[in-house]
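Labels below follow one simple rule: chain letters A, B, ... track the order of the sequence lines, proteins then strands, and each chain is numbered from 1.
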Amino acid sequence: MMDADIILTYDLSETVRRMLGKKGIAKAGSPLARSLSRRLGVEVKLTAKSNEVSGMTGRLGFDLQKQVEKDHRLVDYSLGALSQHFCQTPLPELSAASLKKIRLERPRAYAQHVLRQAEASASIFDRLAYLYNFIEMARVTGCPLSYLLERGQAIKVQTQLLREARARGFVLPQRPGTGEDTTYEGATVLEPSCGFYRCPVAVLDFASLYPSIMMAHNLCYSTLLPPGREKKPDCPDFTESPPAAGNDQATCFVKPQVRKGLLPSILERLLAARKAAKAQLTQCQAGEAGATRRKVLHGRQLALKLSANSVYGFTGATNGPLPCLEVAGAVTAYGREMIQATKAKVESHFTTAGGYAHNAEVVYGDTDSVMVKFGPEGLSLEEAMRLSNEASKVCSSIFPAPVRLEFEKIYRPFLLMAKKRYAGLAFTSLSSPELETKGIETVRRDWCDLVRHGLEETLKHLLAPDGSDGSQKAIGHVRDVCNDLKQGKIDLKSLVISKSLGRNEYAAKAPHAEVAEKLKKRDPANAPRMGDRVSYLVLAGTSKAKVYEKAEDPIYALENDLPIDSDYYLEHQLKQPLLRVFELVCGDAQKAESLLFGGLTSQKVVVSSSKGGMGKFMKPRPKCLACSADVNDGAAVCARCTDKLSEVKEHALDRAKTLREQLNGLRAHCDRDCVLPSGPFPQLPADDPAADKGEVSERCLNASCPVIFSRARVAKQLGLAREALHRLQLKET
DNA sequence: AGCTGCCGTCGGGGTGTCTGATTGC
DNA sequence: CTGCACGAATCAAGCAATCAGACACCCCGACGGCAGCT
Ligand SMILES: Cc1cn([C@H]2C[C@H](O)[C@@H](COP(=O)(O)OP(=O)(O)OP(=O)(O)O)O2)c(=O)[nH]c1=O
Ligand SMILES: [Mg+2]
Ligand SMILES: [Zn+2]
């Protein structure tokens with residue numbers, strides 16, 4: 001038997017649950033318990049409340065899904081999706097029903113599939129360098145690996161505190177905080193001057209602001225003076241932090257000469273580790289070759305930044321093991337003071353009176369950053385960068401070390417929509433700018449692809465690098481998308497909306513919760529669990545129906561050929577986000593609306609009643625194939641269009657041919673990527689050769705098939721095209 | 001019997017509040 | 001002495017902000033039934 005150090009699974013509790021079988025427990029000393037646990041006399045089971053594995057002592061149970069959910073922002077976290085995303089290796093996802101069928105009918109293919117899943121998990125684990133990253137983190141924070149996997153940020157801070165305290169001969173007190181739910185004031189977000197900026201807008205951002213504040217002012221549990229102590233004559237040398245609203249009592253911390261805090265020492269170490277990771281990152285070879293390594297190092301740098309910020313967060317965690325709101329409040333208070341001071345310094349330093357060509361203006365800023373307009377549209381990138389670097393020096397000098405304001409990038413052009421919502425073409429050097437969008441729909445997972453991609457393309461046109469006016473192109477693009485949507489040319493795939501199931505009970509009805517309910521009714525065993533993302537489509541319904549009444553599982557909608565509510569997607573998905581953008585570009589909401597959506601007749605598809613059976617049986621009157629006028633049964637074109645008949649025929653043949661080729665291409669894709677090949681397992685019963693065949697309609701075994709929605713759409717259009725050919729009495733070529 | 005004014009109910013349209021999801025820092 | 005049932009505790013970085021949609025509420029007008037009048 002193998003004596004594993006790490007047991008890698010995609011879904012640990014589910015895997016263990018299946019291994020444990022019906023009783024849900026592996027008795028101490030049993031072979032199963034010994035293969036899962038290194039300790040004798042320990043039983044392995046799932047905890048009743050949170051369904052987590054208990055008793056896997058001595059081995060690391062790695063839950064790939066959980067980790068990836070933490071580290072990466074994706075819409076779909078199924079193993080198939082992860083394999084495609086990280087390794088570009090397709091791996092079908094099967095519904096519970098087809099999985100069961102295959103297990104019975106094609107045992108060797110089933111075994112091969114399970115093997116592929118295991119291999120995919122291992123590839124992803126390696127590709128993301130999880131082992132390397134976790135071991136580094138364990139070394140930096142002095143935290144056991146199992147804690148890093150199973151617990152949160154707090155334990156890392158705690159182990160670091162313990163290590164530092166031990167070195168200094170301190171002990172940590174036990175839970176002085178009585179879990180009150182008080183909160184404290186956070187950071188300042190500067191009021192944005194919203195608009196479309198064609199001139200360069202520079203972004204200046206403090207390096208690790210909160211950690212550097214704690215280091216610069218020696219903020220720590222161990223340096224905080226008791227209230228009132230600062231007024232006593234024997235008080236050691238201290239500094240007083242800026243006042244916080246609702247706190248008239250001053251908070252004071254002794255100077256580092258008196259006693260250096262534990263937290264600053266911890267932060268020094270963390271920031272040094274981050275700096276090392278960043279240095280490795282810059283040494284990484286450019287281009288495709290170093291891409292994977294760069295991603296890994298970037299992730300590591302980010303993880304260390306998170307750990308450093310969590311040191312601050314730890315002090316403000318009222319339910320945590322050692323809350324100290326004085327420290328947390330002082331950190332944010334310093335931060336609020338600093339962003340204001342920075343804004344003031346920039347705006348007072350870069351003035352015409354001070355010898356500069358233009359007055360600088362801070363147009364926005366969030367927590368630790370300022371976005372500066374140094375001059376009008378004519379200002380060159382080079383000049384803006386030169387001024388930015390100067391600003392970075394000037395501002396850094398007014399703050400104590402190690403606080404440092406860095407020049408990060410220049411946006412040109414820049415679209416500022418609201419607090420925490422903007423887009424810009426980011427220049428970190430003079431060439432190769434990249435489009436960045438923050439907070440707006442393109443980066444939000446609760447919008448469908450149609451909106452996310454549509455808006456992204458629009459922004460690409462609007463934020464053109466050469467400073468040209470792309471608004472005409474952008475408007476054209478939007479109108480194209482809207483027309484495609486109305487004509488049903490859009491794949492259902494790009495209309496799928498997904499939201500995470502945050503809780504089991506909802507106060508108000510919500511579409512994803514309703515769909516989760518429906519799924520539960522249809523198949524209780526595979527219903528979405530709390531925390532899972534639930535996908536849905538908005539289907540055509542009565543005109544006053546609420547969104548949650550029109551929501552439906554995409555696969556169900558596909559299989560039952562249910563029509564979508566294109567009006568909803570136009571009015572409630574595309575419209576608002578696009579209007580918000582164009583309103584700023586055009587400078588006028590009315591104008592934007594008419595430019596984008598004017599002349600688009602919104603023809604509502606309304607289902608008369610929920611029973612809705614009648615429509616199906618009503619045969620539509622035949623229409624002329626050229627001009628859509630009503631014609632008699634049997635006629636292909638109307639009287640006025642008879643002279644166009646040959647043209648119509650040619651077009652119909654063409655169209656059928658193109659669609660057939662498209663469909664064949666899509667089917668070929670499924671035949672390649674969505675099938676389960678058999679594997680070399682002679683000890684298993686042979687697969688039933690008949691079971692593999694018989695895909696009659698446009699279905700795909702792969703529940704998350706990337707092309708099934710296209711297939712369905714193209715097949716439907718091909719059906720119509722063939723009907724037209726029939727009416728024209730033509731045969732497909 | 002038919003008309004008219006009264007009153008209660010229903011529903012549409014705004015408005016404000018709250019919940020929930022998600023993101024930025 | 002062992003096995004089992006039962007119960008308690010485990011544990012958790014932070015705040016600021018936007019936006020959609022449900023829901024509660026109000027106002028107002030239409031509608032229709034009813035009683036009273038002609
Ligand atoms: C990203 C992030 C920031 N913050 C706070 C602390 C940060 O110092 C402050 C500014 O955020 P950032 O500017 O995003 O991060 P940073 O300044 O710490 O690091 P750097 O700029 O070098 O990449 O906001 C958190 O509390 N939690 C977080 O997850
Ligand atoms: Mg910063
Ligand atoms: Zn497929």
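By the salt bridge (charged side-chain N to carboxylate O under 4.0 Å, His left out) test, A/Arg59 pairs with A/Asp3, sequence neighbours left out.
Atom-to-atom, CG of A/Asp368 to P of B/dC25 comes out at 9 Å; the value is rounded to the nearest Å.
In this structure, A/Gly313 reaches the bases: a heavy-atom distance under 4.0 Å links it to at least one base atom across the strands shown. Residue contacts for A/Tyr184: at a heavy-atom cut-off of 4.0 Å it reaches the sugar-phosphate backbone alone, with no base atom in range. Contacts of A/Thr315 with the nucleic acid, taken as non-hydrogen atoms under 4.0 Å apart, are absent. Residue A/Gln576 is in sugar-phosphate contact alone, with no base atom involved, counting any heavy-atom pair closer than 4.0 Å across all strands shown. Here A/Lys156 lies out of heavy-atom contact (under 4.0 Å) with every strand. Contacts of A/Arg336 with the nucleic acid, taken as non-hydrogen atoms under 4.0 Å apart, are absent. Using a 4.0 Å heavy-atom cutoff across all strands shown, A/Leu209 reaches no nucleic acid atom at all.
Here the range on DNA chain C touched by chain A, meaning any atom under 4.0 Å from one of its heavy atoms, is C/dT10 to C/dC23.
Considering only side-chain N and O atoms, A/Tyr422 lies under 4.0 angstrom from the phosphate OP1 or OP2 of B/dC25. A/Lys544 has a side-chain polar atom (N or O) that falls below the 4.0 Å cut-off from OP1 or OP2 of B/dG12.
For C/dC1, there is no paired nucleotide, since no Watson-Crick or G-U wobble pair has both relevant distances below 3.5 Å. Across every strand in view, C/dA12 sits unpaired, with no contact that passes the Watson-Crick or G-U test at under 3.5 angstrom.
Salt bridge A/Arg269/A/Glu164: absent, no basic N to carboxylate O contact under 4.0 Å. A/Lys518 and A/Asp553 are not joined by a salt bridge, as no carboxylate oxygen comes within less than 4.0 angstrom of a charged side-chain nitrogen.
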Reading nucleotides 17-23 of chain B from 5' to 3' and marking B where a protein heavy atom lies under 4.0 Å of the base, S where only the sugar-phosphate is that close, and - otherwise, the string is --SSBBS
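Residues A/Gly316 and A/Glu191 each lie close to DNA chain C; by heavy-atom proximity, the contact nearer the 5' end of the strand is made by A/Gly316.
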